[in-house]
Amino acid sequence: MLRHLSESSILSLLLLFNRIWETQVFPTQWCHAHVLPFPKPSKDPTSANNYHPIALTSCLIKLMERIVSGRLMFHIESHNLLSPLQSGFRKSRSTTDNLIRLETSIREAFVKKQYNISVFFDIKKAYDMS
């Protein structure tokens, strides 16, 4: 729906989003979601534990979130606030980049008959332990 708006409607939305950004006053209707329970496949539908909630939120808040995210990432990237080794959640980067960097470091150490010490930290396991 939003992709098919006229240019004047898009400009009106942009003005609204910029006003929200500047005044930090958020439409309260955007803070509400309609939560719908959906049964998990092949589970007993008579048990409440066998449902997962889906929250339906305003498409305008989703668009606003994307705009804010884009602005924050632009600021972070343009001011070099992240380590160059940080790949997760960044455009044009992936964990594969880090794996290739690690492999290169291991190969270089092997050729130079040196050691390569690497530390692997599994964040999921760290959270599961607590």
Side-chain angles (χ1 to χ4, degrees):
M1 173 188 83
L2 293 174
R3 292 175 195 244
H4 299 289
L5 290 175
S6 66
E7 189 171 332
S8 64
S9 296
I10 291 171
L11 289 175
S12 295
L13 265 180
L14 181 59
L15 288 172
L16 172 66
F17 291 155
N18 283 331
R19 184 174 193 111
I20 291 169
W21 180 264
E22 292 165 4
T23 63
Q24 300 177 9
V25 177
F26 219 71
T28 56
Q29 300 91 325
W30 289 5
C31 298
H32 299 285
H34 295 284
V35 180
L36 302 174
F38 283 90
K40 294 178 182 176
S42 67
K43 298 285 183 173
D44 178 17
T46 60
S47 173
N49 290 334
N50 294 331
Y51 284 80
H52 59 90
I54 301 292
L56 301 177
T57 57
S58 166
C59 58
L60 293 178
I61 187 61
K62 292 176 186 177
L63 180 59
M64 177 82 180
E65 288 170 351
R66 289 186 72 168
I67 291 171
V68 170
S69 176
R71 289 179 180 181
L72 289 174
M73 285 310 296
F74 175 79
H75 177 79
I76 288 169
E77 294 285 352
S78 63
H79 290 86
N80 295 318
L81 298 176
L82 291 176
S83 163
L85 302 177
Q86 170 71 34
S87 293
F89 307 103
R90 294 176 80 178
K91 281 188 180 180
S92 304
R93 294 181 184 223
S94 73
T95 52
T96 305
D97 297 327
N98 293 60
L99 290 172
I100 292 170
R101 189 176 285 120
L102 174 63
E103 180 189 20
T104 302
S105 176
I106 291 170
R107 288 179 185 274
E108 287 174 355
F110 183 76
V111 167
K112 295 177 182 177
K113 298 187 191 273
Q114 296 176 337
Y115 294 100
N116 181 300
I117 298 174
S118 301
V119 177
F120 174 77
F121 181 74
D122 189 338
I123 191 97
K124 186 175 185 314
K125 285 186 180 178
Y127 279 113
D128 288 344
M129 292 174 62
S130 55

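Treat the numbers as computed from the prediction; the structure is a model and nothing was measured.
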**Message:** Looking at every heavy atom in both Q86 and R93, which two are closest together, and how far apart are they?
**Reply:**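 The pair with the smallest heavy-atom distance is O-NH1, 3.3 Å.
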**Message:** To check you understand the geometry: which heavy-atom pair defines the closest contact between F17 and L60, and what is its length?
**Reply:** CZ-O, 3.7 Å
**Asked** Do L5 and S12 touch side chain to side chain, with heavy atoms closer than 4.5 Å?
**Response** no
**Prompt:** So do the side chains of F89 and L82 get within less than 4.5 Å of each other, counting heavy atoms only?
**Reply:** no
**Partners meeting salt bridge (Lys or Arg N to Asp or Glu O under 4.0 Å) with E108 (sequence neighbours left out)** =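 Here no residue qualifies.
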**Asked** Linking I/L/V/M/F/W/Y whenever any side-chain heavy atoms sit under 4.5 Å apart, do L11 and L16 land together?
**Response** no
Could you grab the distance from atom [atom1] of [X] to atom [atom2] of [Y], nearest 0.5 Å is fine?
X	Y	atom1	atom2	value
S69	M64	OG	CE	12.0 Å
T23	N18	OG1	CG	10.5 Å
I61	R66	CD1	CZ	13.5 Å
R90	I76	CZ	CD1	9.0 Å
S8	L13	OG	CG	10.5 Å

**Qualifying residue for side chain to side chain contact (heavy atoms under 4.5 Å, CB included) with D97, from S87, S92, P84** = S87
**Message:** Assess the residue pair T104 and I100 against the criterion (side-chain contact (heavy atoms from CB on, under 4.5 Å)); give the C-alpha distance rounded to whole Å, side-chain angles, the decisive distance to 0.1 Å, and a yes or no.
**Reply:** CA-CA 6 Å; T104 302; I100 292 170; 4.2 Å; yes
**Asked** Mind checking whether H75 and H79 have parallel, tilted or perpendicular rings, split at 30° and 60°?
**Response**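 Taking H79 first and then H75, their aromatic rings sit tilted (interplane angle of 30° to 60°).
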**Request:** Give the intermediate values and the outcome of side-chain contact (heavy atoms from CB on, under 4.5 Å) for residues R71 and I67.
**Result:** CA-CA 6 Å; R71 289 179 180 181; I67 291 171; 3.7 Å; yes
**Request:** Output every pair passing side chain to side chain donor-acceptor pair (under 3.5 Å) with a member in residues 32-59, not counting sequence neighbours, ordered by first then second residue.
**Result:**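 Matches after skipping sequence neighbours: D44-T46.
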**Item:** Donor-acceptor contact below 3.5 Å, side chain N116 vs main chain F110
**Value:**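 Pair absent, no side-chain N/O of N116 close to backbone of F110.
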